[in-house]
Q: 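The structure's right below; bear with me while I get my questions together.
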Protein chains: 2
Amino acid sequence: MSATQPTSSEMRQQMAPLCSVFRRYLKSKGLKYTTERADVLDAIIARDGLFEAEELLLELRKRGHRVSKATSYRTISLLLEAGIIVQALFDSKQAHYQLIYGKEPRDHMVCMKTGTLVEFHSPELTAVRNRICRELGWTPVGHRFQIYAVSPNAPKT
Amino acid sequence: MSATQPTSSEMRQQMAPLCSVFRRYLKSKGLKYTTERADVLDAIIARDGLFEAEELLLELRKRGHRVSKATSYRTISLLLEAGIIVQALFDSKQAHYQLIYGKEPRDHMVCMKTGTLVEFHSPELTAVRNRICRELGWTPVGHRFQIYAVSPNAPKT
DNA sequence: GTCGGTGCAAATGCTTTGCATTGAT
DNA sequence: ATCAATGCAAAGCATTTGCACCGAC
């Protein structure tokens with residue numbers, strides 16, 4: 001069911017641990033790999049899914065790491081640039097982020113009554129994306145698909 | 001109350017139903033259909049596409065309507081509840097909104113280099129959505145598909 | 001030793017809210 | 001007449017930034 005054929009260099013990158021991917025990115029930009037940045041990435045890996053900035057701070061505290069809110073946000077920003085995480089925006093309240101590097105993109109279905117969130121993966125969407133990009137001459141990078149629906153166990157009112 | 005005369009047949013067709021849909025929604029909630037709310041909906045119809053809160057205010061001013069920022073936001077909120085518009089979130093900076101009622105959903109492709117935005121419509125996405133909902137027993141309401149890509153005219157760096 | 005990084009607190013900017021006044025029904 | 005709606009300005013809140021000190025290379 002896989003729609004994209006990763007190139008060999010992509011495969012190589014995917015197999016490398018995330019931390020070296022991040023380290024490599026930082027080095028390429030002349031930036032430093034600090035303990036705080038390592039701690040933030042560890043906490044994100046530990047959550048392994050959707051997270052928001054505040055939750056990330058809690059996870060860091062839970063693991064006994066003291067990283068300021070500012071550094072946390074600054075690291076999130078770097079991880080976005082590095083393509084290790086992406087934003088997943090559900091509402092205008094706050095941003096959610098998602099560990100994406102080396103993973104198949106996950107799509108989301110949200111219940112409009114209960115707020116229940118279901119993750120799913122549909123490779124055909126990647127095919128649609130690639131076809132549309134090809135038609136317009138664009139180079140695909142990523143995509144997000146969100147379904148708004150009502151779950152079967154939502155109250156009938 | 002002075003209803004603005006529609007200037008094109010397209011607008012005339014669209015305006016009547018939308019305004020009654022909104023009026024009906026408000027009545028069902030025991031709320032009032034005020035000139036300010038009508039003006040906001042008119043301005044949204046005039047833009048006929050993606051808009052953000054600040055742009056909406058400019059459109060209102062352009063049409064000679066004085067609606068406060070607060071009322072504008074409050075009306076946007078009501079239109080969201082009524083299912084007439086939906087949020088289209090591209091970044092965590094600010095919300096974008098989209099007139100959706102009675103239209104096929106429009107999807108978006110964003111250039112990650114230039115910020116160029118292209119709208120497209122892909123009916124097969126609706127089919128994918130409906131199939132996934134059916135499989136899980138959910139009732140589909142809407143969906144959003146966003147492609148992140150690089151446009152052909154973006155600088156190569 | 002050099003810069004870049006960090007933490008803190010203050011700033012930013014979109015969005016929401018309290019309150020006195022206005023207006024739709 | 002009644003009670004919701006409006007406008008203004010102030011408040012909220014997630015996120016960003018300025019600055020003085022700290023630490024990775």
Side-chain angles (χ1 to χ4, degrees), chain A residues 19-20 22-44 50-61 64-82 85-97, chain B residues 1-3 19-20 22-44 50-58 60-61 64-82 85-97:
Chain A
C19 116
S20 25
F22 192 29
R23 208 191 307 231
R24 197 180 317 141
Y25 174 79
L26 291 172
K27 180 164 275 177
S28 79
K29 295 284 178 180
L31 304 175
K32 293 169 184 171
Y33 183 71
T34 64
T35 43
E36 286 84 358
R37 287 173 182 172
D39 288 348
V40 168
L41 182 53
D42 281 358
I44 289 172
L50 235 43
F51 66 95
E52 45 185 89
E54 203 57 44
E55 290 175 355
L56 184 58
L57 278 176
L58 290 177
E59 179 69 38
L60 283 161
R61 297 283 134 73
H65 294 145
R66 268 177 274 99
V67 179
S68 74
K69 189 175 282 192
T71 294
S72 178
Y73 272 109
R74 286 190 271 234
T75 305
I76 284 173
S77 180
L78 289 168
L79 290 166
L80 284 170
E81 288 170 25
I85 62 175
V86 292
Q87 284 189 320
L89 307 161
F90 294 105
D91 55 70
S92 46
K93 286 270 144 206
Q94 71 205 126
H96 291 242
Y97 306 90
Chain B
M1 127 176 96
S2 62
C19 126
S20 25
F22 191 29
R23 210 192 303 234
R24 197 180 316 138
Y25 174 79
L26 291 171
K27 180 162 276 178
S28 79
K29 295 283 180 182
L31 304 174
K32 292 167 184 170
Y33 184 72
T34 65
T35 44
E36 286 83 358
R37 286 173 183 172
D39 288 347
V40 169
L41 182 53
D42 282 357
I44 289 172
L50 234 42
F51 65 94
E52 45 185 87
E54 205 58 43
E55 290 175 353
L56 184 58
L57 279 175
L58 290 176
L60 283 161
R61 298 282 136 72
H65 293 146
R66 271 178 273 98
V67 178
S68 71
K69 188 175 284 193
T71 294
S72 178
Y73 273 109
R74 286 189 272 234
T75 306
I76 285 174
S77 180
L78 289 168
L79 290 166
L80 284 170
E81 288 170 26
I85 62 176
V86 292
Q87 284 189 321
L89 305 161
F90 294 105
D91 55 70
S92 46
K93 285 270 145 210
Q94 72 204 122
H96 291 242
Y97 305 91

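Worth knowing before you read on, the calculation uses all heavy atoms, side chains too, and leaves out hydrogens, waters and symmetry mates. Just so it is clear: chains get the letters A, B, ... in the order the sequence lines come, proteins before strands, and each one is counted from 1.
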Q: Between C1' on D:dA5 and CZ on B:F22, what's the gap in Å once rounded to a whole number?
A: 12 Å
Q: Using whole Å, report how far NE2 of B:H65 lies from P of D:dT6.
A: 14 Å
Q: Distance-only, no hydrogens or angles: does the B:R61 side chain make a donor-acceptor pair with backbone N or O of B:L56 under 3.5 Å?
A: no
Q: Without decimals, in angstroms, what is the distance between A:K29 NZ and C:dG5 P?
A: 13 Å
Q: So does B:T71 get a side-chain nitrogen or oxygen closer than 4.0 Å to the phosphate oxygens (OP1/OP2) of D:dG7?
A: yes
Q: Rounded to whole angstrom units, what separation is found between the NZ atom of B:K69 and the P atom of D:dG7?
A: 13 Å
Q: Of all heavy-atom pairs between A:L60 and A:V67, which one has the smallest distance, and what is that distance?
A: CD1-CB, 4.0 Å
Q: Looking at DNA chain D, which of residues 30-39 of chain A put a heavy atom within less than 4.0 Å of it?
A: A:K32, A:Y33
Q: Return no unless some side-chain N or O of B:Y73 is found under 4.0 Å from OP1 or OP2 of C:dT15.
A: yes
Q: Would you check if the side chain of A:S77 reaches a backbone N or O of A:Y73 as a donor-acceptor pair within less than 3.5 Å?
A: no
Q: Is there a side-chain contact between A:R37 and A:L31 in this structure, where contact means two heavy atoms from C-beta onward sitting under 4.5 Å apart?
A: yes
Q: Is the closest side-chain heavy-atom distance between B:F51 and B:I85 below 4.5 Å?
A: yes
Q: In sequence, state the C-alpha distance, the side-chain angles, and the governing distance for B:T75 and B:L41, and then conclude on side chain to side chain contact (heavy atoms under 4.5 Å, CB included).
A: CA-CA 8 Å; B:T75 306; B:L41 182 53; over 6 Å; no
Q: Salt bridge or not between B:E36 and B:R66? Use side-chain N to carboxylate O under 4.0 Å.
A: no
Q: Without decimals, in angstroms, what is the distance between A:Q94 CD and C:dG13 C1'?
A: 17 Å
Q: Starting from P on C:dG5, measure out to CG on A:L26 and report it in whole angstrom.
A: 8 Å
Q: Starting at the 5' end of DNA chain D and moving along, which residue's nearest nucleotide shows up first, B:V67 or B:K93?
A: B:V67
Q: Measure the distance from NZ on B:K27 to P on D:dC3 and round it to the nearest whole Å.
A: 18 Å
Q: Just how far, in rounded Å, is C1' of C:dT15 from CG of B:L80?
A: 13 Å
Q: Just call it for B:R74: base, sugar-phosphate, or nothing, with non-hydrogen atoms closer than 4.0 Å on any strand.
A: base
